[in-house]
2 protein chains.
Amino acid sequence: MTNSQKQKKQESGKRELPPTAWAVLGLLSFPGERTGYELKKWADSSLRFFYWSPAISQIYAELRRLEELGYAASARSGPEEVRAKRRYAITEAGREALAGWAGGTADAGPPVLKHGLLLRVWLGHLAEPERLRAMVDEHLERTRGELAAVREALAEAGEVPEWAFPALALRWSERQHLAELELGEALRTDLAALDGPAGVARQADGDAPTPG
Amino acid sequence: MTNSQKQKKQESGKRELPPTAWAVLGLLSFPGERTGYELKKWADSSLRFFYWSPAISQIYAELRRLEELGYAASARSGPEEVRAKRRYAITEAGREALAGWAGGTADAGPPVLKHGLLLRVWLGHLAEPERLRAMVDEHLERTRGELAAVREALAEAGEVPEWAFPALALRWSERQHLAELELGEALRTDLAALDGPAGVARQADGDAPTPG
DNA sequence: TTGCCCATGTAATTTGTTACATGATTTA
DNA sequence: TAAATCATGTAACAAATTACATGGGCAA
């Protein structure tokens with residue numbers, strides 16, 4: 001390990017919360033009390049588009065941790081019921097901690113993309129050209145569906161003045177999906193150019209230089 | 001659990017490999033033998049931009065699994081050394097399995113994006129407007145750096161005809177970063193529009209708060 | 001001779017998923 | 001009254017990271 005990397009280590013005893021915890025707390029930072037189930041559904045129609053879509057079990061786990069930390073508080077509906085419906089709300093401590101995380105000077109870090117189609121394009125020498133083209137077309141179709149979902153969410157959020165920032169993020173996401181569509185079209189063109197005129201080498205073997 | 005979700009369950013005994021295993025095998029699918037260390041460096045200058053950047057320990061673990069499955073084979077340099085340098089190559093079985101995965105009819109699934117800046121924008125009500133603007137600017141600066149890195153990788157791959165598909169993916173990534181830059185600029189504009197007219201009125205300006 | 005890069009690996013821990021179990025309420 | 005949705009949770013496991021340990025080769 002290099003020295004510069006060493007300097008990135010944590011010295012503090014209290015360990016940092018993972019992004020998921022902050023995201024859950026972030027959902028809670030908007031007015032109202034809600035259940036874990038509701039949080040999950042909400043995330044799937046908002047944060048999913050640019051950040052995160054966790055398993056429901058993960059939401060419940062994070063809510064328990066947040067409550068332990070005093071960042072969230074819950075009230076069950078039935079008095080002494082086992083596993084009763086539980087509505088969560090953010091606490092003052094939670095709001096402060098979240099504001100420190102979201103509005104602090106710490107770097108948000110680079111966006112991380114995991115694009116399965118692109119990995120397959122990168123590995124294009126292993127697939128039939130027509131199969132590759134079909135994958136791109138499927139991707140375009142799905143992206144159109146996603147764009148529609150973003151716009152649906154935007155139609156809801158766009159009305160309410162309290163949702164101004166979420167609407168902003170969704171607007172970004174709308175543009176991002178439009179760009180993804182253009183990227184897909186360009187990819188299809190590039191793919192055709194590779195396959196069509198010159199008929200570039202699709203053979204797997206034969207020697208070649210090592211990368212790097 | 002709904003019925004439609006139930007149908008997605010696996011019935012097969014042999015469990016599917018995670019994407020990381022296929023990505024490592026994918027790196028190995030290009031001619032030449034290489035060490036885990038080299039694989040990591042290569043991934044960080046290629047797949048990182050659109051798919052994946054694993055911990056080095058994860059690479060070593062996957063290589064061991066791949067060898068156990070008979071998908072990869074290794075040869076150590078020193079004869080009986082402990083922990084000697086180990087160069088890996090893909091096997092025929094590995095190539096077949098990979099081709100089945102990458103070129104098969106299975107859906108690549110939707111791309112997943114984790115954009116820390118956007119989460120913070122979504123949570124904009126918790127931060128100072130100027131801090132938010134600074135974050136966007138930092139993001140633009142970093143994206144410019146990433147774009148330069150993509151182009152550097154492209155300059156290397158673009159020459160060799162064997163790297164035609166990797167070059168295609170990198171070309172996609174170049175365009176994607178250009179789009180990300182435009183998205184960031186638009187976000188800055190939207191942010192200013194949100195902050196400007198509703199905030200303190202500047203008497204000299206009057207109206208027309210949207211900058212070019 | 002210090003420090004960086006190359007190179008491989010183990011251990012501990014955390015994060016996150018899938019599968020399972022349970023039951024209430026709502027809708028067709 | 002059957003099915004879907006709402007709602008919470010546990011258990012097992014898989015994936016992945018961080019920290020640590022080790023040591024060779026090379027260059028300022």
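So that the names make sense, note that chain A is the first sequence line, chain B the second, and so on, each numbered from 1.
Rounded to an integer number of Å, the gap from A:L63 CG to D:dT10 C1' is 16 Å. A:E62 places its CD atom 7 Å from the P atom of C:dG16, with the value rounded to the nearest Å. Rounded to an integer number of Å, the gap from B:L17 CG to D:dA15 P is 8 Å. Between the C1' atom of D:dT10 and the CD1 atom of A:I56 lies a distance of 14 Å, rounded to the nearest Å. Between the CZ atom of B:R34 and the P atom of C:dC6 there is a distance of 16 Å, given to the nearest Å. Between B:K85 atom NZ and C:dG9 atom P there is a gap of 13 Å when expressed in whole angstrom units. The distance between atom CD of B:E16 and atom P of D:dA15, rounded to the nearest whole Å, is 11 Å.
Across C:dT17, D:dA7, C:dT8, the shortest atom-to-atom separation from the side chain of B:Y37 is found for C:dT8. Side-chain proximity of A:A55 to the nucleotides C:dT10, C:dT17, D:dA7 is greatest for C:dT17. Set against C:dT15, C:dT18, C:dT8, the side chain of B:Y60 has C:dT8 as its closest nucleotide. Comparing D:dT17, C:dT15, D:dA16 against the side chain of A:Q58 picks out C:dT15 as the nearest. Nearest to the side-chain atoms of A:T35 among the listed nucleotides D:dA16, C:dT8, D:dA7 stands D:dA7. The listed nucleotides are C:dT8, D:dA16, D:dC6; the one nearest the side chain of A:K41 is D:dC6.
OP1 or OP2 of D:dA16 lies within a sub-4.0 Å distance of a side-chain N or O belonging to B:T20. Contact between the side-chain N/O atoms of A:R87 and the OP1/OP2 oxygens of D:dT8 is not found at any separation under 4.0 Å. Put simply, A:R64 has a side-chain N or O that comes within less than 4.0 Å of OP1 or OP2 on D:dT10. Note on A:K40: every side-chain N or O is 4.0 Å or more away from OP1 and OP2 of D:dA7. In this model, the phosphate group of D:dA7 is not approached by any side-chain N or O of A:R76 to a distance below 4.0 Å at OP1 or OP2.
Side-chain to base pairing of B:S57 with D:dT18: one donor and one acceptor N or O lie within less than 3.5 Å of each other.
A perpendicular orientation is assigned to the rings of B:W172 and A:H115, their planes being inclined by more than 60° (bins at 30° and 60°).
Using modelled atom types, one finds a donor on one side chain and an acceptor on the other under 3.5 Å when comparing A:E180 with A:H139.
Using a distance-only test at 3.5 Å, with no hydrogens or angles considered, no donor-acceptor pair links the side chain of A:K40 to the main chain of A:A55.
A salt bridge links A:E185 with A:R188: the distance from a Lys NZ or Arg NE/NH1/NH2 to an Asp or Glu carboxylate oxygen falls below 4.0 Å.
Of the two residues contacting DNA chain C, namely B:E38 and B:K114, the nearest-nucleotide position lying further toward the 5' end is that of B:E38.
Considering B:F30, B:W52, B:Y51 in turn, B:F30 is the only one that fulfils the ring pair (Phe, Tyr, Trp, His ring centres under 6.0 Å) rule with A:W122.
Here A:R65 lies in heavy-atom contact (under 4.0 Å) with sugar-phosphate atoms only.
With A:W42 as the aromatic partner, A:R48 does not meet the cation-pi criteria of under 6.0 angstrom to the ring centre and within 45 degrees of the ring axis.
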